[in-house]
Amino acid sequence: MLVDDIGDVLITNDGATILKSLEVEHPAARVLVDLANLQDQEVGDGTTSVVIIASELLRRGNDLVKNGIHPTTIISGYRTALKAAVSYIKKEMVVNVSTLGDEHLINAAKTSMSSKIIGKESDFFSKLAVDAVKSVKMNATAADVAGYDAMGSSGSAEAAVVVPNGKQRYKYPLSAIHILKAHGKSSMDSHLIGGGFAINAMRAAQGMPTFVESSEGNCVKIAMLDMNLQRHRMGMGVQVIVKDPAEIERIKKREMDITRERIRKIIDAGARVVLTTKGVDDLCMKYFVEAGIICARRCNREDLKRLAKATGGRVVTTMADMEGNETFDPDCLGGCDSVREVRIGDGEMLYVYGCKGHGASTIVLRGANEYMLDEMDRALHDSLCVVKRMLESNTLVPGGGAAEAALSVYLDDYANTIESREQMVIQEYADALLVIPKTLAVNAAKDASELVAKLRSNHAKGQHSEDEADAALKFTGLNLIDGTIRDNLVAGVVEPAISKIKSLRFATEAAITILRIDDRITLNDSKGLA
């Protein structure tokens, strides 16, 4: 529980959120905070793990410095160990799944949310996350290929247009998934609006219809505006000097006429639903009610941008054209099958069904209070990122400490082949990776020493045995419910390969960055020194 200066409370176990909320002043500690944020942006999950690994590498690096090993040797050893570790993961640990079934995706989502507040309902929410991500599937474009080439050096597994065998590849933009939070009911009443969109807004007037549907093959047109729909007024500082009092009435009438003309242009373009980020006054509402149009005001601008993308429309900021006249382009209208006002919790929301643009989905989260909804949102975001990465890269690795234990055993053997001082550093790197299974065991109230010893023993047997039956031992991980070890690939405890690789890369680079520092010089304010 985090409480800020004004008393706002934040309850979370998300590593990146906790570190982001802390006021960290120490420069080296700020590197770790940035590290968690980077992992959150790049992968979306594994933020706590990456900080734990980086901290353990720093602790062991500091001990090596105290024992007389130069930081340059440590840095070189860490880089060598990282290169060997990533190579081993790609060669031995990664399982390629050419066409991922829902089972693998659901297992990955369950693994991601196992430690979160929705862990108990992981069966329900993992299915929700997989369905949401798959509903926004899009063909990758040439721009995605350019982005893939640009990020190729960092090993990012973004979607490319065509893979080597000529098969079409896809991308899954998470920005198209809208998460809406509504108080009331239980978390199990959360639901997905596939191919639809929900916006936290309600009708501006009771006389408006509660729903509109497509008729005779014509879809429902939606106008999305970022401007005021209020009676026209003169700009600030504009003065009109009137000598005849009758002119005042004519000015007022013209102001009303300008407003009516604007509304008429929007209606004539075919709009049956009007959403605006600004206000709508009573005069405008009268025209909308008479035309049988749903109008909502004070909508969130980001929600409207998302809705515009989902329905194939555009957000209109002004009706002025290049000639100085006011027109409304029908191409700016979005299309859908129907729009309905639905009562959710204490208020109403507008549900847009059958969006005609790019893929879009909305997840409506239900929960007891704001704190729970916020934490559910963060947990679901991590799961969505994991499913997206799995679908785009088509690769997975076993979780539950399996990858770290395998790397620890492999790097121990690899260190024995190094004839320089780096041997000690690589051995320390191998031991540092065991902090993940140790932490998992401690958090589950199990005997960490015994479980990690069994884990290492199994992986050593799998790597050194020539018997093919022992080859599957490399997937051995922790079973923290029973306090035993098992084949986590069979048990369905899996993670995206990119998550594991990037965690190691980011953690090692952060540790190296701090180890390179010799001295800290604090600069005083230079005011008055000139």
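No more than 12 heavy atoms of other residues, nucleotides or ligands shown are found within 6.0 angstrom of CD on Glu370. Sparse packing is recorded around NZ of Lys127, with 12 or fewer heavy atoms of other residues, nucleotides or ligands lying under 6.0 Å away. Enclosure of atom NZ in Lys278 by more than 12 non-hydrogen atoms of other residues, nucleotides or ligands within 6.0 angstrom is indicated.
Exactly one residue among Ile193, Asp337, Ile222 makes a side chain to side chain contact (heavy atoms under 4.5 Å, CB included) with Val352. That residue is Ile222.
Contacts of Phe288 classified as ring-ring contact (aromatic ring centres under 6.0 Å, His included), with partners at least two apart in sequence or in another chain: none. Every residue two or more places apart in sequence or in another chain was checked for a side-chain contact (heavy atoms from CB on, under 4.5 Å) with Ser114, and none qualifies. The ring-ring contact (aromatic ring centres under 6.0 Å, His included) test applied to His381 returns no partner, not counting sequence neighbours.
Relative ring orientation between Tyr351 and His191 is described as tilted, the plane-to-plane angle lying within the 30° to 60° band.
Atom CG of Leu225 sits about 5.0 Å away from atom CD1 of Ile266, to the nearest 0.5 Å.
Between Arg203 and Glu348 there is no salt bridge, since no side-chain N of the basic residue sits under 4.0 Å from a carboxylate O of the acidic one. One finds a salt bridge joining Glu375 and Arg378 here, because a Lys/Arg side-chain nitrogen approaches an Asp/Glu carboxylate oxygen to under 4.0 Å. Between Lys286 and Glu290, at least one side-chain N (NZ, or NE/NH1/NH2) sits under 4.0 Å from a carboxylate O, which counts as a salt bridge.
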